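No experiment lies behind these values; they were computed from the predicted model shown.
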Amino acid sequence: MAVALAAALTTSLSMTNIVQAADYKIDTEGAHASIEFKVSHLGYSFVVGRFNQFEGEFSFDADKITDAKVNVTIDTASVDSNHAERDKHLRSSDFLNTGKFPKASFVSTSAIDKGDGNFVINGEFTFNGVTNPLAIDAQMIGEGQDPWGGYRSGFVGSTEFALKDYDVKVDLGPASANVILDLVVEGIRL
């Protein structure tokens, strides 16, 4: 009986030392997160823009990055390239096809720890009704208490994908075949 009690107590104590990933909501209300894009314009410059409306959450433990999880949904009609006529065209079936596919999403499938706060988040990206694997190169910026009694964790990331892989048929030429996404993510621990 004493051996069983000691074993139970040891198990209980060791389980309290297990660090678990914390869950976070991406802070879009405070505008502490962004999804920006850029596409080469004729190979001479870039068209840049952002998505003004998106939401998501993530789970993260700096000591066990391989357990990280991310889930983000983007309102594609919120595209903003600082040019109303271009944005109207971007929302059309030529590009974002927002009438048929109003949302894009990314759901992680795995994370690879590269050391020193760097990691790769692999996942499934759904855009324009097509889902393909996508890898995001990410870096932890920092984490800690905020002035309002909460706890925050922040990251940057980037990825690139070919428009044709997501059934975008408009051919803007070889210099403009890919989209680069730059991400800033700050989460508030739940």
Measure the NZ-OG distance between Lys38 and Ser81 for me, rounded to the nearest 0.5 Å. 15.5 Å
Would Leu190 and Val72 show up in the same hydrophobic cluster when neighbours are defined by side-chain heavy atoms closer than 4.5 Å? no
Answer yes if the ring centres of Tyr166 and Phe161 are under 6.0 angstrom apart, and no otherwise. yes
Taking the cut-offs as 6.0 angstrom to the six-membered ring centre and 45 degrees off its axis, would you call Lys114 and Phe119 a cation-pi pair? no
Which heavy atom of Phe106 sits nearest to which heavy atom of Asn122, and what is that distance? CZ-C, 4.0 Å
Pair Lys64 + Asp67, salt bridge at N-O below 4.0 Å: yes
Asp27 bridged to Arg152 by N-O distance under 4.0 Å: yes
Are Phe46 and Leu183 grouped together when hydrophobic residues (ILVMFWY) are joined by side-chain heavy atoms under 4.5 angstrom apart? no
Any salt bridge (charged side-chain N to carboxylate O under 4.0 Å, His left out) involving residues 84-106? Give me the pairs, sequence neighbours left out, ordered by first then second residue. none
Treating Ser40 as the side-chain partner and Ser176 as the backbone partner, does any N or O pair qualify as donor plus acceptor under 3.5 Å? no
With sequence neighbours left out, what residues match Ser93 under side-chain contact (heavy atoms from CB on, under 4.5 Å)? Asn97
Angle class for the His89/Phe95 ring planes (parallel below 30°, perpendicular above 60°, tilted otherwise)? perpendicular
Between Phe101 and Phe127, is the ring centre distance below 6.0 Å? no
Regarding Asp167 and Lys169, does a basic nitrogen lie under 4.0 Å from an acidic carboxylate oxygen? yes
